[in-house]
Structures are given as structure tokens and as C-alpha cells.
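Comments concern the structure below.
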Amino acid sequence: MAKNQQTKYVFVTGGVLSGLGKGITAASLGTILKARGFSVNLQKLDPYLNTDAGTLNPAEHGETFVTHDGAETDLDLGHYERFLDEELGRGSSVMNGRIYAQVIADERAGKYLGKTVQIIPHITNEIQHHVLEAGRGFDFHLVEIGGTVGDYESMATLEALRQFRRKVGAENVAYLHLVYVPYLEASHELKTKPAQNAVRDLREAGIHPDVILARADRPISAAAMRKLSLFCDVDEEAIVALPTVKTVYEVPLILERAGLADYVCKQVGVKPRKAKLDNWQKLVDLIKHPDHRTLKIGVVAKYMDNEDTYMSVFEAIKAAGWANRVRPEIHWIEAEQLEKVKPSEAEAMLAAYDGLVVPGGFGSRGVEGKIRAATYAMKHDVPYLGLCLGMQVAVIAFARSIGMKSANTTETNPKTKYPVIDIMEHQKGITEKGGTMRLGNYPCHLTPKSRAAKLYGEKKVLERHRHRYEFNNAFRDDLTAAGLTLAGLSPDKQLVEIIELSDHSFFMASQFHPEFKSRPQRPHPMFDGFIASALKRHLAA
Ligand code: GLN
């Protein structure tokens, strides 16, 4: 690689506790570096022994984000894509299960013949290999390390990153450590001790941070910053205060004001450049606009306790809201509750919303409730947006409305008389759960004159998938004859990708997940159309 093409690596670790927003911080640094015209890649290294996020419980770990090339990844990849406005691939998400599986497979293949296979150097080398590969050709490669420093399972990863500095040269690496500075109500002060300890943990692993990012719920005083600098042995200008903010999209502006990108550039010997962040500032102004009218959007879902579970769906709804100059107020509607109550009560539960969304999901729990929601939206002309399972229940609701009373998906009822949603032939008999669904980008041809085609303004689109079940073609004629529009099909016309109702103000659903391609400044056309219709309904009421 020519000298001026040397990739610069920035590692972002976290201490004290999890949930401080390491992903947002890494993504935000990526944003302000990209705003300087640098090419940037982002990567997440997760210390769990899972191979990917496909089999992780979304209620615990948040949504599974799907990349264009079909990797089932951690939700931080969603932040990276939304902030960086780039499509990232499989190489951007590496869980330790993949690292270990590779090393063990190599051992069986005889790659280490005669050698003892060990965490150091074999696992650590494999980790470094993934970092080098992902960073190749970029000006900056930012790597976020999952978990908290001090976790037993991240030791090998930290050791790999410690060695990495020697491998590529100290002048090409910067280490950022995100810590928490708690506020003690009783004595009215911010305490830096946990942060100091967290930095000590990192140093014990042989890594001396170049920058400390200090998250705090209160403004950090100059005295506390000086204390952090002194005790953590980091320049004062390299201590960045990260206050709690109204919107995460403000974080790049905060990092910019703190001079973080310039400091990192200086650290790795890159000439500083001016950042163009006007668009980002515009976005934040739009988000914070006080005059925007509030729309009530109901999301009918199963996992209610954690917003992270539908992160991309929420972000897509919000982005469409900003573009339409409204503030969507998102309300959970518990699918299982909706399923249990009397029909009149279910109607009452659904009546308060300007629009209804049924996002993706697996298993039969709550499916009847979701079908009720789709039925309600259909009957009462409430804007409806269905995402993956949300399309499947919409098709079921429609089939039931034209007399196929027991219509269902075979995922819920394998013996239904009307299996309008069914498992694909090639999916039958698959027992291995990891990575075996229809995953990632597939082309979709939009039906001319359909609402979807008008919204997209295109004929052919690529969208991301994650499901096993599909629209059953055996019912295609009956359903379309009764008024269901197939607005998007696979190029060979065998797979139904989008359905809609033409005699409805907005009833649209897709087998794919449009939320993954939505951007804060460029909402997805389906979400955009949905929110515009919800607004119309709201104004008419
Ligand atoms: N469970 C359904 C399927 O596998 C829908 C999946 C989803 O919503 N992502 O087809």
C-alpha cells in the first residue's frame, strides 16, 4: 500500500458500565470524519461466542440488523449505516463465535500442523486479520469493541488490539475509551473515580487511551475534566464531555465542537481538514423544531419492554416524520393483549391512532392480535404499514375478509385450510436455525401505476429480507380477483414482495424490511407515504 493510502485505525472501547452509547459515539466520529471528505469504514467486534446475531433474542439484545449481503448483525450496524449513510457488509460485524469457529476449522484442516493452537497468537491473529481486511482501502477504519473492558470474554480481543498497534505502527492507531461519570445527588458532585478505575482496567490490558469520552447526565466542570486528565494521563484537550442529549443525531455536532476529529487526525498524523456539517445541523434543527404537530402512531408488537428491539423501525418512522414536518409519537400496542380482549375492546385499543404499523416477528405468539390490527386498519381506512410478518398478517386479514375464515400462515397453524402464507419448498426440512432464512438484498419489480411504484419513483428496487415464509401463490388468483394488488414481485414473478389495497387511503405491506434502508435525512418511500397519509387523516379528523 502506498504511504499516503495508509489506513488509520481507531478503536473504541467502553468502561464502567454498558449502554453508554458506544455505537452512537463510534458512528458519530465516523460522521464527522466523513464530513471532512475521508473514506470511513466502521466495524463492530463482539466478544460473545455467537456466530452472528441471527439467533440472539431481540428482547435482550435489540433488533437483528440485516446487511445488504445478508449478514444478521448487531443493532449497532444500523446506527453505523444511518450515521455514515453507507451500506456496510458482513465484514463490519464480527462476533467471536466466528473467530473461534475459523481457528478450529483451520486446526482440523491442518493449517497449524505440529503447533499448539492457542488464544494467543491464533485467536488474536484471526481477530487482527478481520480488522485489517475490513479496513483495507479506507482512510479511517473505526472499530467498536462490544461489552465493557474488564469482561472476561473480551480479554483476547483487547490483547489483539494491543498488539495491533505494533503490527501497523503506533502512528496509525488511536484508542478511544468511553466512560461514565456519575452524579451524586447527596453531595451534588460528579464523581470521576469509576472512570479512573475503568481507564486503569484498560491499561492493565496494555492499552493506554489517547482520548477519553466522558458520558455524564450533568455538565462536567473544568475541575473534573482536569482531574480526569491528570489521573488518566490523557491530554486535557483529549477529554471529551458527552452530555445526555435530546436526539442521538446531535452527537456528531457535539464531538465536532469538542474538536475530537481534529485531535484524532493529529494523533495519527493526518492533516486536519474542515468538516462540512451543514446538512447534519439542518437535520438536528428539524428534529428539535418546536412547532411540529404530533402524530400518534401505534406499533403492534410482541417485545414491549425494550425500544431497541425495533430500533430501525422506530428510526424509519421518525425520519419520515421529520421529512413530513411532524413529530411521530410512537405507542406500543401489545399484540397478545389485542388478541385476548373482546373485539369491541380491541377496536377501542386501536381507535386512537393516526396510523398503525405491524413490524416483523417470529413464532405464533401475538399473531392473532396483529391480524386484528390489520383487519381494523383495512375496515376503518386507517393508514397501515406492514413489515415482513406485517405483510403476512395483512394478507391473512384480507383473505379472512373475503370469506376464507380460517386463513393463516403455516408458521402459526400448519393445518389451516387456507395457508395463504406458507413455507417455501426449499425451506422445508431445514433444521439448522442460524443463517438459513431468505436473507439480505433481493430485487423487486414494482407494478406500474401501483402506489408503491409512485412512491419509489422507480421500476426496480433492491430490498433486504429476513424470513422463511412467503405469500402462497396457490391463492394468488383468488386474492387478486377480490381486490388485493400485488405491487411488487421478484423478477421471475414467483415471489410477492409488496401488497397494497387501491381503495384504501394507505394500506401497504412488504415481505422485505424497508426500515433497514431508511436514513435520517432520506426516509424510505414506504414510510414516507405512510406518514404523509397518517398526517392527512390527522388533519381531516
Ligand atoms: N416469521 C415470518 C417468517 O419467517 C416473518 C419474519 C419476519 O417478520 N422477519 O417468514
Side-chain angles (χ1 to χ4, degrees), residues 24 58 62-66 75 78-79 81-83 85 246-250 283-284 286-289 292-335 350 352-361 370 373-374 376-377 382-391 393-394 451-452 455-456 463-464 466 498 500 505-510 512-539:
I24 297 285
E63 83 175 356
T64 301
F65 186 83
V66 182
L75 90 174
H79 294 314
E81 287 206 358
R82 285 187 288 273
F83 276 72
D85 196 5
K246 272 229 170 71
T247 159
V248 292
Y249 297 108
E250 214 175 335
L283 172 70
V284 171
L286 192 59
I287 295 173
K288 289 179 149 182
H289 206 287
H292 288 170
R293 162 190 321 271
T294 301
L295 284 190
K296 275 184 148 181
I297 303 298
V299 176
V300 185
K302 186 165 66 169
Y303 305 110
M304 312 295 294
D305 32 9
N306 185 348
E307 276 200 17
D308 288 1
T309 318
Y310 303 101
M311 178 69 81
S312 294
V313 175
F314 278 37
E315 290 305 313
I317 294 173
K318 288 194 242 166
W322 303 325
N324 283 283
R325 306 291 189 267
V326 294
R327 181 173 302 111
E329 197 180 272
I330 301 172
H331 296 259
W332 298 110
I333 304 171
E334 204 173 333
L350 295 164
Y353 302 101
D354 299 309
L356 292 169
V357 178
V358 176
K370 293 175 187 179
Y376 178 88
V382 178
Y384 176 88
L385 181 64
L387 313 167
C388 207
L389 180 63
M391 177 184 112
V393 297
R451 187 195 294 259
L455 281 174
Y456 273 98
E463 293 282 1
R464 300 186 199 173
R466 183 172 185 253
I498 307 176
E500 59 184 46
S505 66
F506 189 97
F507 192 94
M508 189 181 292
S510 61
F512 50 79
H513 289 274
E515 66 269 25
F516 294 141
K517 287 186 83 171
S518 168
R519 298 286 190 259
Q521 317 198 48
R522 247 177 328 105
H524 190 283
M526 283 175 56
F527 281 88
D528 195 25
F530 167 69
I531 290 291
S533 298
L535 175 59
K536 229 183 191 170
R537 179 184 163 83
H538 181 89
L539 293 176

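- Ile287 approaches Arg327 most closely through the heavy-atom pair O-NH2, 4.3 Å.
- At least one side-chain heavy atom of Val357 sits less than 4.5 Å from a side-chain heavy atom of Leu387.
- Note: Lys288 NZ to Glu250 CD = 3.5 Å, rounded to the nearest 0.5 Å.
- When the options Met526, Arg464, Lys517, Arg466 are evaluated for a side-chain contact (heavy atoms from CB on, under 4.5 Å) with Phe512, the one that passes is Met526.
- Legend: residues meeting ring pair (Phe, Tyr, Trp, His ring centres under 6.0 Å) with Tyr310, ordered by chain and number and at least two apart, are Trp332.
- Side-chain atoms of Arg293 and Leu539, non-hydrogen and from C-beta on, do get closer than 4.5 Å to each other.
- Rounding to the nearest 0.5 Å gives a distance of 4.0 Å between CD of Glu81 and CZ of Phe65.
- Partners of Glu315 under the side chain to side chain donor-acceptor pair (under 3.5 Å) rule, at least two apart in sequence or in another chain, are Tyr249, Lys318.
- Residues Ala301 and Pro359 come closest through the heavy atom pair CB-CG, 4.4 Å.
- For the residue pair Ala316 and Ser518, the shortest heavy atom distance occurs at CA-OG, 3.5 Å.
- Heavy atoms only, all atoms of each residue included: Asp528 and Ala323 are closest at OD1-CB, 4.4 Å.
- The CE atom of Met311 sits 4.0 Å away from the NE2 atom of His79 when rounded to the nearest 0.5 Å.
- Looking only at side-chain heavy atoms (C-beta outward), Tyr353 and Glu329 stay at 4.5 Å or farther from each other.
- Interatomic distance, NZ of Lys370 versus CG of Leu356, reported as 13.0 Å (0.5 Å rounding).
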request  = Could you walk me through whether Leu385 and Ile317 pass the side-chain contact (heavy atoms from CB on, under 4.5 Å) test, one step at a time?
outcome  = CA-CA 10 Å; Leu385 181 64; Ile317 294 173; 6.0 Å; no
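- Across all their heavy atoms, Ile498 and Met508 have their closest contact at CG2-CG, 4.0 Å.
- In this structure a side-chain-to-backbone donor-acceptor pair under 3.5 Å is present from Asp354 to Lys296.
- Between the side chains of Ser510 and Glu463, no donor-acceptor pair is found at a separation under 3.5 Å.
- Taken from SG in Cys388 to CD in Glu515, the straight-line distance is 8.5 Å, to the nearest 0.5 Å.
- Between Ala394 and Ala509 the shortest heavy-atom distance is CB-CB, 4.4 Å.
- Side-chain N or O atoms of Tyr384 include one that pairs as donor or acceptor with a backbone N or O of Gly390 at under 3.5 Å.
- The backbone N or O of Ser505 sits less than 3.5 Å from a side-chain atom of Arg451, completing a donor-acceptor pair.
- Using bins of under 30°, 30° to 60° and over 60° for the plane-to-plane angle, the ring pair Phe516/His513 lands in the tilted bin.
- Atom OH in Tyr376 sits 10.0 Å away from atom CD1 in Ile333 (nearest 0.5 Å).
- The closest side-chain heavy-atom distance from Leu283 to Trp322 is below 4.5 Å.
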message = Quick one, Asp85 with Gln521, criterion side-chain contact (heavy atoms from CB on, under 4.5 Å). Give me CA distance, side-chain angles, the key distance, then yes/no.
response = CA-CA 9 Å; Asp85 196 5; Gln521 317 198 48; over 6 Å; no
